[in-house]
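Since the model is a prediction, treat every value here as computed from it, not as a measurement.
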Amino acid sequence: MKIAFLMYSFIPQMGGAQIFAYNLINQLSADNHEIHLYLPYKLYLQFTKVQNVNNYKVIPILRHEYFTAKYWPGLIRMRLKLAQKIQQYDVWQVIGTYPAGWVAKDLAKIVPVILRSHGDDIQKDAKLEYGMGLNPYIDKKISKTLSKMTHLVALTESVKKCYQEYNIPETKITEISNGVSLERFNRKVDSNILRKKYGIKNNQIFILTVGRYHIKKGYEYIPEAARFLKENGISFKWVIVGKGVSILHSNLLERQVSDLVILKEEIGLNNSYGPNNSFNVPNDSLIQLYKSADLFVMPSIIETFGMVLIEAMAAGLPIITTNAPGCRDVVSNNYNGILVAPKNSEALGKGILKVINNPNLKKSLIENGKNSVIKYDWGNIAREYEHLYHHAINKKN
C-alpha cells in the first residue's frame, strides 16, 4: 500500500503519540509499504536534522501551519488534496483530531482517512484543566472532524467511549492498542550497572516511574507515598524519569524523602539506532533502566493508554497503577498488575507494599504481564492497521 501519514507533532518530541507513530511508520516500512510522512515545516526541519531517513519519505506541509490551520485551514486542505491527486495514496493515517484531523477532514471525500486521537484532543477533565475540548470553539471543530473521518482508531475502551460521547457510531470505531518491541525488551542486561549508577544498594527495592511531568500523571502523590513506605520500614529508592519531573523536588524535601526519590530528566534519543539507521524508541538506556528495576509504578489520573505500562510488562516488572481511564484498560487488578484508587498516596503506598510483601503475587503479576504483552508486539499491531486500511479501501471502492 501507499500510505500517507499526517501529524502536527513528531520525533524528536518524546510523547506517546510521537513514539507510537514513529514505530508504526518504521514497522509498516519494514513490511514493504510505501510511506510518506507529512509534517509542519519547522518540525520537518527538526526531524530531518536528527534522522537520516532512507526507508520512507518526509515532506513538509507548508509554512506557519498552526496559524494557517486556525485561520485559513482551506489553504492546507488544498495542499493535501493536491498531494493526493499527484501521489494517489491508498489511505491517509492522521494522528490527532486537532489540528491534523481538522485540516485533513475533506480528504475523506476522495480517499479513506483513518484518524487516531492522541489523548487531549478528545479526553476532557475540567478539574485538571485537561483537554482541548474544554474550549467550546475547538470542541466544535473536534466534533465536526470526527464525524467526517472514514474510520477512527481507539487505543482503549475508554477512548472508544470518548468518541461515542461525540455521537460517533460504534461501527466507525476500531480498537487498536499501542505497540512494543518485545525483541528489544527480551535482551538480558546487567542490573548491577544501573543500580550502582543510581546508588541503589542490593538490599533496597528499586521502584521505577517513567513519563513526562503533567498534572494528569499524578506525580504529586508520589512524595507522600514514598513517605508512607519509609514510615513502614521499607528500604527503597524510587527513580522517576521524564521531562519536567524536577518540579517535584520541593515536595520531596517537604516530605523528607528527597534522599529516597531520584528525579531524572527524560532519556532522549541519544545514539540508540535500529534498522535503516532509525532511532530505537524507547532507547537502549531506558530499556536497561526498566530491566534493572524491581517494581513499576504509574499513578496517573487519566490516560489514553499508557505505553509505559506495556513496556514495564515487557521488561518483566510487576505494575502498580491506578483504576483510572487508560490504566485500567491495560491492567487487570491482581492479574497483570495492581490497581489502586487514583489521587490517593496511601492507596498507592499500600499497593506497593502488597507486592513487596507477597513474593507469590509478585511472581504471578510478572508472568501474567509477560503473557498479556505478547499481543502488543509491533508486528501484531501493524497487521491490525493493515487489516483496517484494507477494509477502509475496499469499502471506499
Side-chain angles (χ1 to χ4, degrees), residues 9-20 22 96 118-121 123-132 134 155 178 198 206-229 236-270 281-283 285-287 289-290 293 295-312 317 319-322 324-327 330-331 340-345 347-349 351-352:
S9 181
F10 199 59
I11 301 292
Q13 298 172 13
M14 298 290 286
Q18 295 87 357
I19 294 171
F20 153 81
Y22 183 77
H118 50 61
D120 65 347
D121 52 342
Q123 287 182 319
K124 292 180 279 188
D125 190 313
K127 291 182 179 179
L128 295 177
E129 297 182 353
Y130 172 73
M132 295 181 180
L134 296 177
L155 288 173
N178 269 333
Y198 288 96
F206 180 178
I207 303 171
L208 178 65
T209 296
V210 176
R212 66 185 174 91
Y213 174 82
H214 190 286
I215 190 67
K216 73 166 187 168
K217 297 291 184 181
Y219 286 176
E220 279 75 14
Y221 299 93
I222 289 179
E224 187 60 38
R227 183 175 177 177
F228 175 86
L229 294 176
F236 71 96
K237 282 289 182 73
W238 194 330
V239 178
I240 307 174
V241 181
K243 185 177 180 180
V245 297
S246 57
I247 196 172
L248 299 172
H249 183 65
S250 60
N251 201 340
L252 294 170
L253 285 173
E254 184 179 340
R255 299 301 195 285
Q256 298 181 337
V257 290
S258 60
D259 59 327
L260 299 175
V261 181
I262 301 168
L263 304 175
K264 169 73 174 175
E265 286 294 314
E266 70 175 338
I267 299 174
L269 296 172
N270 69 30
V281 185
N283 66 41
S285 297
L286 186 55
I287 290 178
L289 197 57
Y290 272 113
L295 302 171
F296 186 82
V297 177
M298 183 180 184
S300 288
I301 299 169
I302 184 172
E303 293 285 340
T304 49
F305 182 83
M307 188 180 295
V308 294
L309 292 173
I310 60 173
E311 291 176 349
L317 290 177
I319 294 168
I320 298 91
T321 188
T322 57
C327 302
V330 179
V331 172
V340 302
K343 304 180 184 180
N344 190 320
S345 297
L348 188 63
I352 296 170

Asks: Would you list the atom pairs, donor with acceptor, under 3.5 Å between side chains in residues 241-249 and any protein atom, with sequence neighbours excluded?
Replies:
| residue | atom | partner | partner atom | Å |
| --- | --- | --- | --- | --- |
| Ser246 | OG | Glu265 | OE2 | 3.4 |

Asks: Would you confirm whether Ser345, through its side chain, and Tyr221, through its main-chain N or O, come within 3.5 Å as a donor-acceptor pair?
Replies: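 A pair under 3.5 Å: yes.
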Asks: Roughly how far, to the nearest 0.5 Å, is the CG atom of Leu229 from the CD1 atom of Ile207?
Replies: 5.0 Å
Asks: Roughly how far apart are Leu260 CG and Ile262 CD1, rounded to 0.5 Å?
Replies: 9.0 Å
Asks: How far apart are the closest heavy atoms of Met307 and Gly16, and which atoms are they?
Replies: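 What the structure gives for the nearest pair is CE-O, 3.6 Å.
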Asks: Is there a side-chain contact (heavy atoms from CB on, under 4.5 Å) between Val297 and Ile222? Walk through the geometry before answering.
Replies: CA-CA 9 Å; Val297 177; Ile222 289 179; 5.7 Å; no
Asks: Got a sec, which pairs hit salt bridge (Lys or Arg N to Asp or Glu O under 4.0 Å) with one end in residues 244-256, sequence neighbours left out?
Replies: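 Applying salt bridge (Lys or Arg N to Asp or Glu O under 4.0 Å) to every pair that reaches into residues 244-256, excluding sequence neighbours, yields Glu224-Arg255.
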Asks: By salt bridge (charged side-chain N to carboxylate O under 4.0 Å, His left out), which residues pair with Lys124, not counting sequence neighbours?
Replies: Asp139
Asks: Mind running side-chain contact (heavy atoms from CB on, under 4.5 Å) on Ile215 and Glu220 for me, showing each step along the way?
Replies: CA-CA 8 Å; Ile215 190 67; Glu220 279 75 14; 3.9 Å; yes
Asks: Roughly how far, to the nearest 0.5 Å, is the CG atom of Asp120 from the OG1 atom of Thr304?
Replies: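 That separation rounds to 9.0 Å.
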Asks: Which pair of heavy atoms, one from Phe296 and one from Ala312, lies closest together, and at what distance?
Replies: CG-CB, 3.6 Å
Asks: Just wondering, do Leu289 and Tyr198 contact through their side chains at under 4.5 Å, heavy atoms?
Replies: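 Yes, close enough: below the 4.5 Å cut-off.
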Asks: What are the two closest heavy atoms between Pro342 and Ser300, and how far apart are they?
Replies: CB-O, 4.1 Å
Asks: Quick one: pull up CZ in Phe20 and CG in Leu155 and give me the separation to the nearest 0.5 Å.
Replies: 7.0 Å
Asks: Test Cys327 against every option in Val340, Ile319, Thr321, Ile301 by the side chain to side chain contact (heavy atoms under 4.5 Å, CB included) rule and name the one that passes.
Replies: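 The side chain to side chain contact (heavy atoms under 4.5 Å, CB included) with Cys327 is passed solely by Thr321 among Val340, Ile319, Thr321, Ile301.
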Asks: Can you name the closest pair of heavy atoms from Ser258 and Leu253 and give their distance?
Replies: OG-CD2, 3.4 Å
Asks: Quick one: list whatever passes side chain to side chain donor-acceptor pair (under 3.5 Å) with Thr209, sequence neighbours left out.
Replies: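 Scan of Thr209 (side chain to side chain donor-acceptor pair (under 3.5 Å), adjacent residues dropped) gives Trp238.
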Asks: Enter the distance from Met132:CE to His118:NE2 here, rounded to the nearest 0.5 Å.
Replies: 4.5 Å
Asks: Applying side-chain contact (heavy atoms from CB on, under 4.5 Å) to Val257 and Phe228, what does each step give before you reach the verdict?
Replies: CA-CA 10 Å; Val257 290; Phe228 175 86; over 6 Å; no
Asks: Apply side chain to side chain contact (heavy atoms under 4.5 Å, CB included) to Lys216 and list each qualifying residue two or more places apart in sequence or on a separate chain.
Replies: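 If we apply the side chain to side chain contact (heavy atoms under 4.5 Å, CB included) test to Lys216, skipping adjacent residues, the hits are Leu128, Tyr130, Arg212, His214, Ile302, Glu303.
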Asks: Tell me every residue that passes side chain to side chain contact (heavy atoms under 4.5 Å, CB included) with Ser9, counting only those two or more places apart in sequence or in another chain.
Replies: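 Scan of Ser9 (side chain to side chain contact (heavy atoms under 4.5 Å, CB included), adjacent residues dropped) gives Gln13, Gln18.
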Asks: Restricting to non-hydrogen atoms, name the atom on Leu317 and the atom on Ala293 that form the minimum distance, rounded to 0.1 Å.
Replies: CD2-O, 3.1 Å
Asks: What is the distance from atom CG of Asp259 to atom CG of Leu252, rounded to the nearest 0.5 Å?
Replies: 9.5 Å
